[in-house]
**Student:** 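Sharing a structure here in structure tokens format.
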Amino acid sequence: MTKWVYLFSKNKTEGDRSMKNLLGGKGANLAEMSSLGLNVPPGFTVTTEACINYQNNNSTISEDIKKEVLQALKEVEAATGKKFGDASNPLLFSVRSGARVSMPGMMDTVLNLGMNDSTVEGMAKLTGDARFSWDSYRRFIQMYANVVMGFNHSLLEATLEDLKDARGVHEDTHLTAEDWKELVSVYKRIILEESGKSFPTDPMEQLWQAVAAVFRSWSNPRAFKYRDINGIDHNWGTAVNVQAMVFGNMGDDCATGVCFTRDPSTGDKRFFGEYLINAQGEDVVAGIRTPQPINNDSKNDANQSLRTLEEVMPETFAELTRVYKILESHYKDMQDIEFTIEKNVLYILQTRNGKRTAKAAIKIASDLVSEGLLSKEEAILRIDPEMLNQLLHPGLDPKAKKNVLTKGLPASPGAGAGMIAFTADQAVTWAESGKKVLLVRQETSPEDIGGMHMSKGILTARGGMTSHAAVVARGMGKPCVAGCNDLVIDYKTKTMKVKGMTFNEGDYLTIDGATGEVIEGLVPTIDAEITAEFSNFMKWADEFRKLGVRTNADNPEDSAVANKFGAEGIGLCRTEHMFFEAERVLAVREMIFAENKANREKALAKLLPFQKKDFLGIFKEMKGKPVNIRLLDPPLHEFLPHSQDEKAELAEYLGIDIREVEDRGEKLHEFNPMLGHRGCRLGVTFPEIYNMQVRAIMEAAVECSEAGVEVYPEIMIPLVAVDKELSTLRGEAENVIKAVFAEKKKIIKYKIGTMIELPRAAITAGEIAPHAEFFSFGTNDLTQTTFGLSRDDAGKFLPEYVGRGILGVDPFVSLDQNGVGFLVKHAVTEGKKVNPNMHMGICGEHGGEPKSVEFCHHAGLDYVSCSPYRVPIARLAAAQAALRK
Ligand code: PEP
Ligand code: MG
């Protein structure tokens with residue numbers, strides 16, 4: 001029989017932290033904390049399976065589930081000594097969502113559930129505070145109307161503002177019990193008028209409705225969007241946590257706050273957090289009041305004059321310190337903890353592994369190893385390889401002139417610059433048309449998630465380090481400056497004023513999320529600096545990985561970046577990029593237009609010195625590491641002149657008429673160039689081209705070697721489909737190489753091999769292998785040709801395929817393991833049958849994508865090759881693949 005409800009209380013706890021899939025992250029951790037004996041208000045979790053059951057059951061909560069809820073409710077009543085719906089000693093609940101992975105702010109919450117006209121009086125007596133009790137009641141009605149009944153939040157909020165105006169007060173705190181009481185009846189009247197239904201007074205009805213609303217909120221559009229962005233399965237469902245209320249807003253001996261056991265931005269070992277006296281949890285994250293620092297370590301420009309929790313409630317702070325230490329060593333990770341203090345008693349409402357920047361993630365994992373809490377292996381498995389992207393991305397150029405307008409909180413590091421967009425929708429529109437956008441908001445809310453995702457950075461006028469903007473940006477790895485109080489944003493006029501200057505929507509602005517600076521215009525950026533901590537962490541990864549990691553680079557500069565990131569060689573040097581430089585392209589065009597071999601050779605002779613220089617530069621940079629150079633691959637028409645000016649220039653250079661240039665261009669036109677006269681087909685029909693390239697490679701290699709620079713060239717022949725193509729071209733290349741060795745009286749080591757990037761090559765790898773010293777899987781073309789899907793046109797429909805789940809992921813991003821992967825494995829097996837020691841790697845874009853790297857590990861490849869900035873990602877992904885076994 002399915003169990004739908006799990007209790008957590010001091011007397012009895014049924015779940016634990018291993019049950020995240022069933023109880024959601026929040027529910028699993030509430031159970032775990034209860035078992036640890038921490039002061040957690042008792043409650044129960046309705047499982048994610050119950051959510052799915054609700055959805056499949058015509059949006060009704062089944063009788064079985066209801067029965068278990070009623071049973072659990074009794075237990076919570078026993079644990080608290082209060083009764084749900086009781087007029088004299090009422091138990092109130094918070095009802096919160098909690099999915100397997102945290103989806104901050106995406107789903108719904110109802111607080112103070114169980115309030116009605118009689119429990120409000122009971123609460124007033126019990127607390128001796130009628131004002132508090134009526135305030136709680138009106139908050140409940142407001143939340144319930146919004147979440148359960150679907151009322152627009154601003155409808156009731158406006159009534160509150162009217163009341164304050166009428167009373168001539170600015171702060172909620174200046175309203176009296178009578179005021180709140182009046183507001184409650186106004187709220188009820190509006191609800192009846194607008195919906196035709198009375199506000200439900202039966203607590204049980206409130207509970208069923210709230211649970212159902214949380215289940216439904218799993219499917220609301222913003223939650224859907226969040227899951228799409230973060231690759232979260234839409235079928236998981238959310239759990240619902242029903243927990244006894246504790247109040248942080250019962251007076252000045254009450255408070256509510258959020259803390260991190262280490263700094264989520266830098267990873268520094270400092271206890272860090274914010275709180276608000278006399279407030280409910282939502283107030284801290286909503287960014288409406290400036291939160292106070294919990295201790296001196298949490299002070300920043302915005303809050304330094306405010307009193308710390310340590311000063312205001314020293315004993316409770318000491319208890320919080322004790323608790324955070326227990327939680328951190330129990331979970332062996334940085335925790336993000338939510339707490340409430342009711343009448344000086346500390347309650348822990350939530351703990352979870354805190355979201356953090358990549359820099360903080362590395363620092364924390366490294367420190368936890370030094371502190372003996374984690375092994376190196378565990379630390380390596382903790383870091384999401386994609387996260388390293390953040391570390392490897394540019395910051396502001398410190399030498400660049402910048403006009404710093406003001407400073408906000410440094411909420412998430414990195415430099416971000418773009419056109420100001422004041423709404424998430426505007427940000428999305430501009431970003432989709434290829435513009436760089438900076439989202440500037442008063443504060444962000446979960447509805448803005450799409451716009452945040454598309455922006456280069458996020459700037460908010462309100463909110464602290466734990467505000468929605470800060471937390472979400474950090475998770476996304478986006479630069480964010482939050483709580484920048486100097487900004488005066490006017491959504492109506494679409495302007496922003498700061499220090500006497502006015503900015504319009506569309507003007508450029510730059511932020512530095514590491515310092516909190518807000519800067520006028522677009523400021524140049526510089527590459528990321530590799531810290532000692534990062535290098536050390538990557539060394540650990542290297543101890544475990546079995547796969548080599550090379551880079552795809554075709555100039556000395558990119559090779560240098562890749563070296564800095566730990567590349568062990570070049571896995572693909574695309575020679576065609578070298579042909580596009582202005583001074584060479586004319587000679588390339590001359591070669592294409594040559595009508596006979598002699599003229600072609602004449603043009604190629606002009607290119608030879610350029611190519612040689614290219615290879616010299618790369619060999620020198622790579623200092624003896626293998627450099628895999630691919631002979632010319634793209635269809636020749638890619639090099640043809642397009643504009644009239646270029647055509648005229650070429651006509652003059654060749655001494656022919658411009659019309660002839662055009663005619664020849666026409667002749668070279670292909671209907672399907674990706675499957676046309678390209679790759680080794682060029683080498684077969686115009687052997688002079690490859691001969692020139694091979695000569696340039698080997699002359700450069702010999703020259704380096706003579707100058708004492710070690711070299712190890714690998715010559716790669718692309719787009720082979722048939723073994724004879726390779727055997728023919730290899731024979732020709734070897735003739736050239738022999739000639740170079742004889743001329744230079746020097747021999748160096750080299751290899752000749754092929755790309756496997758056509759299905760026929762993969763299928764007949766056993767026939768091709770005798771002619772190859774290595775295989776390099778060109779999974780871009782192999783994906784294109786296996787799917788029969790044009791790399792250049794797939795963008796028009798692939799997103800819809802992925803959106804509708806026809807394809808799980810874009811196969812050009814993550815290797816299609818069943819189809820393309822099948823061919824790769826087959827080719828590895830067949831190739832190794834012929835030559836068990838044949839060196840094999842991958843050089844398609846997949847070589848830097850963690851899941852594909854894991855596949856390559858299991859497929860028995862020797863290395864992956866990827867763009868320079870992805871080298872560390874591949875190194876870490878390879879280590880994780882080895883550790884996961
Ligand atoms: C490939 O096809 O995977 C490859 C690396 O070559 P290119 O992308 O240059 O076609
Ligand atoms: Mg290719």
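Count residues from 1 along the sequence.
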**Student:** Should the pair Arg356-Asp333 be classified as a salt bridge under the 4.0 Å nitrogen-to-oxygen rule?
**Tutor:**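 So Arg356 pairs with Asp333 through a salt bridge.
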**Student:** Does either side chain, that of Gln880 or that of Glu854, offer a donor lying less than 3.5 Å from an acceptor on the other one?
**Tutor:**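 Judged by distance alone, the side chains do not pair up.
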**Student:** Output the distance between atom CD1 (Ile65) and atom SG (Cys51), rounded to the nearest 0.5 Å.
**Tutor:**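 One gets 9.5 Å once the value is rounded to the nearest 0.5 Å.
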**Student:** Could you please spell out the steps behind the side chain to side chain donor-acceptor pair (under 3.5 Å) verdict for Asn112 and Gln280?
**Tutor:** CA-CA 10 Å; Asn112 304 347; Gln280 272 196 332; 3.2 Å; yes
**Student:** Quick one: CE on Met103 to OG on Ser97, what's the gap to the nearest 0.5 Å?
**Tutor:** 8.0 Å
**Student:** Using a 6.0 Å cut-off, check whether atom CD of Glu800 has over 12 heavy atoms from anything other than its own residue.
**Tutor:**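 No, because the 6.0 Å sphere around CD of Glu800 holds 12 heavy atoms or fewer from other groups.
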**Student:** With no hydrogens and no angle check, is any side-chain donor or acceptor of Asn89 less than 3.5 Å from a backbone partner on Gly81?
**Tutor:**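 Yes; judged by distance alone, with no hydrogens or angles, the pair exists.
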**Student:** Does Phe84 offer a backbone N or O that forms a donor-acceptor pair with the side chain of Glu77 under 3.5 Å?
**Tutor:**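 At least one qualifying donor-acceptor pair exists.
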**Student:** Main chain of Thr460, side chain of Glu443: is a donor-acceptor contact present, judged purely on distance under 3.5 Å?
**Tutor:** no
**Student:** Could you check whether any side-chain heavy atom of Met123 comes within less than 4.5 Å of a side-chain heavy atom of Leu92, counting everything from C-beta outward?
**Tutor:**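 A side-chain contact under 4.5 Å exists here.
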**Student:** Do Val76 and Leu7 touch side chain to side chain, with heavy atoms closer than 4.5 Å?
**Tutor:** yes
**Student:** Is the closest basic N to carboxylate O distance between Asp384 and Lys355 below 4.0 Å?
**Tutor:**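 The answer is no: the pair does not qualify as a salt bridge.
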**Student:** Does the pair Glu14/Lys12 count as a salt bridge with the N-to-O cut at 4.0 Å?
**Tutor:**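 Yes.
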**Student:** Hey, mind stepping through Leu38 and Thr351 against side-chain contact (heavy atoms from CB on, under 4.5 Å) and telling me if it holds?
**Tutor:** CA-CA 11 Å; Leu38 300 182; Thr351 193; over 6 Å; no
**Student:** Taking atom types as modelled, is there a side-chain donor on Arg352 or Tyr331 under 3.5 Å from an acceptor on the other?
**Tutor:**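 The criterion, which ignores hydrogens and geometry beyond distance, is not satisfied for Tyr331 and Arg352.
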**Student:** Using a cut-off of 6.0 Å, state whether more than 12 heavy atoms not belonging to Lys74 lie near its atom NZ.
**Tutor:**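 Result for NZ/Lys74: open.
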**Student:** Would you say that Lys67 contacts Leu70 through its side chain, given a criterion of any heavy-atom pair below 4.5 Å between the two side chains?
**Tutor:** no
**Student:** Should the ring pair His234 and Phe224 be called parallel, tilted or perpendicular, given that the plane angle runs from 0 to 90° and is split at 30 and 60?
**Tutor:** parallel
**Student:** Looking at side-chain heavy atoms only, is the closest gap between Thr109 and Val147 below 4.5 Å?
**Tutor:** no
**Student:** Within the distance-only criterion (no hydrogens, no angle test), does the side chain of Glu68 pair as donor or acceptor with the backbone N or O of Val5 below 3.5 angstrom?
**Tutor:** yes
**Student:** Quick check on Lys851: does its NZ atom have over 12 non-hydrogen neighbours (other residues, nucleotides or ligands) under 6.0 Å away?
**Tutor:** no
**Student:** State, yes or no, whether a side-chain contact exists between Leu346 and Asn39 at a heavy-atom distance under 4.5 Å.
**Tutor:**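 They are not in side-chain contact.
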**Student:** Going by atom types alone, do Asp16 and Ser18 pair a side-chain donor with an acceptor below 3.5 Å?
**Tutor:**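 Yes, Ser18 and Asp16 have a side-chain donor paired with an acceptor closer than 3.5 Å.
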**Student:** Determine the minimum heavy-atom distance between Gly251 and Asn278, stating which atoms define it.
**Tutor:**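 Shortest heavy-atom separation between Gly251 and Asn278 comes out as N-OD1, 3.2 Å.
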**Student:** Got a donor-acceptor contact below 3.5 angstrom from the Gln243 side chain to the Ser94 backbone?
**Tutor:** no
**Student:** Nearest 0.5 Å, please: how far is CE in Met250 from NZ in Lys343?
**Tutor:** 6.0 Å
**Student:** Between Tyr324 and Phe339, is a side-chain contact (heavy atoms from CB on, under 4.5 Å) present by the stated rule, with each step listed?
**Tutor:** CA-CA 11 Å; Tyr324 97 71; Phe339 62 90; over 6 Å; no
**Student:** Strictly by modelled atom types, are Tyr187 and Gln142 linked by a side-chain donor-acceptor pair under 3.5 Å?
**Tutor:** yes
**Student:** Mind checking whether Leu160 and Trp180 have side chains closer than 4.5 Å, heavy atoms only?
**Tutor:** yes
**Student:** Any chance you could lay out the side-chain contact (heavy atoms from CB on, under 4.5 Å) test for Phe215 and Gln55, step after step, and finish with the verdict?
**Tutor:** CA-CA 8 Å; Phe215 282 156; Gln55 285 171 346; 6.0 Å; no
**Student:** What's the shortest heavy-atom distance between Ile348 and Met33, and which atoms?
**Tutor:**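 Smallest heavy-atom distance, with atoms named: CG2-SD, 3.5 Å.
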**Student:** Using 0.5 Å steps for rounding, measure from the CG atom of Asn29 to the CZ atom of Arg17.
**Tutor:**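 It is 8.0 Å, given to the nearest 0.5 Å.
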**Student:** So, does Asp816 use its side chain to make a donor-acceptor pair with the main chain of Pro811 at under 3.5 Å?
**Tutor:**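 No, because the side chain of Asp816 does not come within donor-acceptor range (under 3.5 Å) of the backbone of Pro811.
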**Student:** Please round to the nearest 0.5 Å and tell me the distance separating atom OG of Ser455 and atom CD of Gln426.
**Tutor:** 10.5 Å
**Student:** Atom SG of Cys480 and atom CE of Met452: how far apart are they, to the nearest 0.5 Å?
**Tutor:**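 So the SG of Cys480 and the CE of Met452 are separated by 6.5 Å.
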**Student:** Name the orientation class of the two ring planes belonging to Phe132 and Phe247 (parallel below 30°, tilted from 30 to 60°, perpendicular beyond 60°).
**Tutor:** perpendicular
**Student:** Using distance alone, with no hydrogens and no angle criterion, decide if Tyr137 and Asp117 have a side-chain donor and acceptor under 3.5 Å apart.
**Tutor:** yes
**Student:** For residues Arg382 and Lys332, determine if any side-chain heavy atom of one lies less than 4.5 Å from a side-chain heavy atom of the other.
**Tutor:** yes
**Student:** Take Thr48 and Trp218, measure what side-chain contact (heavy atoms from CB on, under 4.5 Å) needs, and give me the verdict at the end.
**Tutor:** CA-CA 10 Å; Thr48 52; Trp218 173 256; over 6 Å; no
**Student:** Could you point out which residue of Ser133, Ser136, Ser88, Pro90 forms a side chain to side chain contact (heavy atoms under 4.5 Å, CB included) with Thr119?
**Tutor:** Pro90
**Student:** Is any side-chain heavy atom of Leu73 closer than 4.5 Å to a side-chain heavy atom of Leu207?
**Tutor:**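 With C-beta onward as the side chain, the pair touches.
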**Student:** Checking Thr159 against Asp162: is there a side-chain donor and acceptor pair closer than 3.5 Å?
**Tutor:** no
